[in-house]
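A short worksheet on the structure shown next.
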Amino acid sequence: MNHVPCALTIAGTDPSGGAGIQADLKTFQELKCYGMSVITSAVAQNTTGVKDIHHLPLDFLEKQLQSISEDMPVQALKTGMIAQKDMMKVIAEWIPQINAYYVMDPVMISQSGDSLSEEESREVLRKQLLPLTSLVTPNIPEAEEITGERIETEEDMKEAAEAIVKNFGAGSALVKGGHRAGSAIDYLFDGNEIHTFESERIQTKNTHGTGCTYSAAITAYLAQGLSLVEAVKQAKYFVTEAIRYSFDLGHGSGPTNHFATREEVSNKWI
């Protein structure tokens, strides 16, 4: 019997390959997980931003989810862009049917500043999806959206992580510091204590898809059986190297390099 770890992503697409479902599947593959995907929305986007979004019909979303749960094992799953409240409700009803870690990347605003989640759906995200999560991974603007509080200092980040767990029912929360100056510091509140993950800040504009890649890497490591803290630690390294050796592709914010940690290729693109 083949016991390969299986990871699922439920998210929108990125035809340019740097974010969304495409970034998630690349990350799963690199981290030796069998990757599966359920598409919420087809997104016309590239390194310069989002051009248009086509939401898939709800019954088709349900059929995709059922196709997985009827046939495939899932050790861990992540959600990315879920733009409509009815989609969130469908997914929230489905997740308890499978026994798997659930990582939520609360994609509300894209790298280029485009809002990807409809206003009315945010309340559903808070009330129905957050309490199902093993981990939620907001950046600072997303953590502000969830908590309703301004985040300006590192102390604010820690307080936001605790509030997301204690007030909104998330299993744990990783508030990412990519939008602040200085070192790239992320704070994880696991329900009991704060853990700090720090890396150097790499000076590059090529950060398209970093949030997707980071959360997908955590999902892959959880699928392999790593502890939450170790999964975040390893994923932080993976995404940092993906940024360090990012690709200068496109006319906007270029994509991260999903095979940067391969020894034989990591120094090829600098």
Side-chain angles (χ1 to χ4, degrees), residues 3-9 23-24 27-28 30-33 35 74-80 95 98-107 129-140 142-143 146-147 151 153-180 182-202 209-244 256 258 260-261:
H3 293 293
V4 61
C6 296
L8 169 68
T9 171
D24 295 341
T27 302
F28 294 162
E30 285 304 312
L31 298 181
K32 299 178 173 58
C33 278
V74 181
Q75 276 77 46
L77 70 108
K78 66 157 282 190
T79 56
I95 285 174
I98 61 168
N99 182 25
Y101 292 103
Y102 169 30
V103 177
M104 179 202 286
D105 182 14
V107 181
L129 279 176
L130 267 179
L132 300 174
T133 60
S134 307
L135 173 69
V136 60
T137 63
N139 58 31
I140 287 173
E142 289 160 352
I146 292 169
T147 62
I151 299 172
T153 66
E154 288 180 25
E155 200 55 43
D156 291 343
M157 291 173 67
K158 295 177 192 176
E159 287 176 8
E162 290 196 34
I164 290 168
V165 173
K166 292 177 177 175
N167 301 341
F168 297 93
S172 57
L174 179 70
V175 177
K176 302 175 296 188
H179 286 70
R180 298 188 75 240
S183 297
I185 303 178
D186 307 330
Y187 292 105
L188 170 70
F189 181 67
D190 63 7
N192 296 305
E193 60 181 306
I194 292 278
H195 303 267
T196 304
F197 303 88
E198 183 172 358
S199 66
E200 64 185 290
R201 184 174 299 278
I202 294 148
T210 50
C212 305
T213 299
Y214 195 176
S215 58
I218 296 169
T219 305
Y221 285 125
L222 289 173
Q224 292 173 21
L226 273 65
S227 70
L228 177 64
V229 172
E230 190 61 26
V232 174
K233 178 183 172 185
Q234 298 275 2
K236 176 78 165 172
Y237 171 75
F238 181 84
V239 76
T240 300
E241 295 306 294
I243 296 168
R244 186 190 312 280
T256 55
H258 293 98
T261 54

### Task
With sequence neighbours left out, write down each residue that passes salt bridge (Lys or Arg N to Asp or Glu O under 4.0 Å) with E154, or none if nothing qualifies.
R180
### Message
Counting C-beta onward and ignoring hydrogens, is there a side-chain heavy-atom pair between S134 and L228 closer than 4.5 Å?
### Response
no
#### Entry: Heavy-atom closest contact (A160 atom, T147 atom, distance)
O-CG2, 4.1 Å
### Message
Once salt bridge (Lys or Arg N to Asp or Glu O under 4.0 Å) is applied, do any residues pair with D105, and if so which ones, sequence neighbours excluded?
### Response
none
### Message
Apply side chain to side chain contact (heavy atoms under 4.5 Å, CB included) to residues T9 and T219 and explain how you reach the verdict.
### Response
CA-CA 9 Å; T9 171; T219 305; over 6 Å; no
### Query
Is the backbone of C6 close enough, under 3.5 Å, to the side chain of Q75 for a donor and an acceptor to pair up by distance?
yes
#### Entry: Closest non-hydrogen atom pair between N139 and K176, with its separation
N-CE, 3.7 Å
### Message
Walk me through whether L129 and T133 qualify under side chain to side chain contact (heavy atoms under 4.5 Å, CB included).
### Response
CA-CA 7 Å; L129 279 176; T133 60; 5.6 Å; no
### Task
Looking only at non-hydrogen atoms, find the nearest pair between A260 and E241 and report the distance.
CB-O, 3.3 Å
Under 3.5 Å donor-acceptor pairs involving side-chain atoms of residues 162-170, not counting sequence neighbours:
unit_1 : atom_1 : unit_2 : atom_2 : d
E162   : OE1    : K166   : NZ     : 3.1

### Query
Is the closest side-chain heavy-atom distance between I218 and Y101 below 4.5 Å?
no
#### Entry: Any residue meeting side-chain contact (heavy atoms from CB on, under 4.5 Å) with Q234, in chain and number order, not counting sequence neighbours
Y221, L226, E230
### Query
What closest approach, in Å, do L174 and P138 show between heavy atoms, and which atom pair accounts for it?
O-CD, 3.1 Å
### Task
Could you check F197 against K233 for side chain to side chain contact (heavy atoms under 4.5 Å, CB included), going step by step and ending with a plain yes or no?
CA-CA 7 Å; F197 303 88; K233 178 183 172 185; 3.9 Å; yes
### Query
Who pairs with E193 by side-chain hydrogen bond (donor to acceptor under 3.5 Å, both in side chains), at least two apart in sequence or on another chain?
none
### Query
Residues two or more places apart in sequence or in another chain: which of them pass side-chain contact (heavy atoms from CB on, under 4.5 Å) with A216?
D24, T27, F28, K78
### Task
Give the intermediate values and the outcome of side chain to side chain donor-acceptor pair (under 3.5 Å) for residues S199 and Y237.
CA-CA 8 Å; S199 66; Y237 171 75; over 6 Å; no
## Note on the structure
Result for side chain to side chain donor-acceptor pair (under 3.5 Å) between Y214 and one of T256, D186, T137 points to D186
### Trace of the side chain to side chain contact (heavy atoms under 4.5 Å, CB included) decision for R244 with E200
CA-CA 10 Å; R244 186 190 312 280; E200 64 185 290; 3.2 Å; yes
